[in-house]
Amino acid sequence: EYILFAAGDPATTMTETRIALLDQTNLIWRETDARWLQRYGELAEFRQQHGHANVPVKYEENPSLGTWMKNLRQGKKGRRSVLLT
């Protein structure tokens, strides 16, 4: 419904008021945002337990966290190299 509203579709039942009400519930609008926040929470927990945030790529306790961190690191390297060229 939100996508239809954003596109200006008159058939949607979504309104500015409904969006504001949903925002007050801390609704996460996109699934990718929810996954990112979940991994961030897992990273914070890892840091608290281990005293650092250097999650190994092959982290057996939470393989998804290791993969997420690997992807973040690669993304940062990629942006840096693009900015330097």
Side-chain angles (χ1 to χ4, degrees):
E1 286 292 314
Y2 179 78
I3 293 171
L4 295 174
F5 175 81
D9 188 329
T12 183
T13 58
M14 187 62 66
T15 64
E16 291 281 346
T17 301
R18 289 179 177 178
I19 290 169
L21 288 169
L22 290 167
D23 283 342
Q24 289 176 9
T25 69
N26 295 323
L27 173 72
I28 298 174
W29 289 91
R30 297 181 322 173
E31 185 179 336
T32 55
D33 292 342
R35 282 194 304 263
W36 193 93
L37 289 170
Q38 177 185 351
R39 295 289 176 257
Y40 178 79
E42 293 168 358
L43 176 61
E45 186 178 311
F46 178 94
R47 185 173 187 265
Q48 185 176 18
Q49 290 175 357
H50 300 280
H52 62 81
N54 298 320
V55 180
V57 172
K58 295 189 180 205
Y59 182 47
E60 290 184 18
E61 266 185 60
N62 186 342
S64 295
L65 179 60
T67 301
W68 185 72
M69 288 299 296
K70 177 187 79 165
N71 292 337
L72 286 178
R73 291 180 191 117
Q74 287 176 342
K76 183 175 182 181
K77 287 179 188 175
R79 278 196 305 278
R80 183 178 296 151
S81 65
V82 168
L83 292 174
L84 294 177
T85 57

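Note that this is a predicted model, so its numbers are computed, not measured. We count residues from 1, following the sequence as given.
- Annotation for Gln49: atom CD counts as buried by contact number, over 12 foreign heavy atoms lying within 6.0 Å.
- Closest heavy-atom contact between Val57 and Lys70: CG1-CD, 3.8 Å.
- Residues forming a side-chain hydrogen bond (donor to acceptor under 3.5 Å, both in side chains) with Asn62 (at least two apart in sequence, or on another chain): Glu42.
- Arg47 meets the salt bridge (Lys or Arg N to Asp or Glu O under 4.0 Å) test with no other residue; sequence neighbours excluded.
- No single ILVMFWY cluster, assembled from side-chain heavy atoms under 4.5 Å apart, contains both Leu22 and Leu4.
- Considering CD of Glu61 and CD of Glu45, their distance stands at 9.0 Å, rounded to 0.5 Å.
- Side-chain contact between Trp68 and Asn71 is absent, with no heavy atoms from C-beta onward closer than 4.5 Å.
- Sorted by first and then second residue, the salt bridge (charged side-chain N to carboxylate O under 4.0 Å, His left out) pairs with a member in residues 19-30 read Arg30-Asp33; sequence neighbours excluded.
- Taken together through direct or relayed side-chain contacts under 4.5 Å among Ile, Leu, Val, Met, Phe, Trp and Tyr, Leu43 and Leu72 form part of one hydrophobic cluster.
- For the residue pair Ser64 and Arg39, the shortest heavy atom distance occurs at CB-NH2, 3.3 Å.
- With sequence neighbours left out, Arg18 forms a side-chain hydrogen bond (donor to acceptor under 3.5 Å, both in side chains) with no residue at all.
- Under the ring pair (Phe, Tyr, Trp, His ring centres under 6.0 Å) criterion, Tyr40 pairs with Trp36, sequence neighbours left out.
- Partners of Thr13 by side-chain hydrogen bond (donor to acceptor under 3.5 Å, both in side chains), not counting sequence neighbours, listed by chain and number: Glu1.
- With sequence neighbours left out, Trp29 forms a ring pair (Phe, Tyr, Trp, His ring centres under 6.0 Å) with Tyr2.
- The shortest heavy-atom contact between Glu16 and Phe5 is OE2-CZ, 3.5 Å.
- Considering only residues two or more places apart in sequence or on other chains, Tyr59 meets the ring pair (Phe, Tyr, Trp, His ring centres under 6.0 Å) condition with Phe46.
- Here Ile3 contributes atom CD1 and Met14 contributes atom CE; the two are 10.5 Å apart, rounded to the nearest 0.5 Å.
- Considering all non-hydrogen atoms of both residues, Thr32 and Arg35 come closest at CG2-NH2, 3.2 Å.
- Listed by chain and number, the residues in a side chain to side chain contact (heavy atoms under 4.5 Å, CB included) with Thr17 are Thr15, Leu21 (sequence neighbours excluded).
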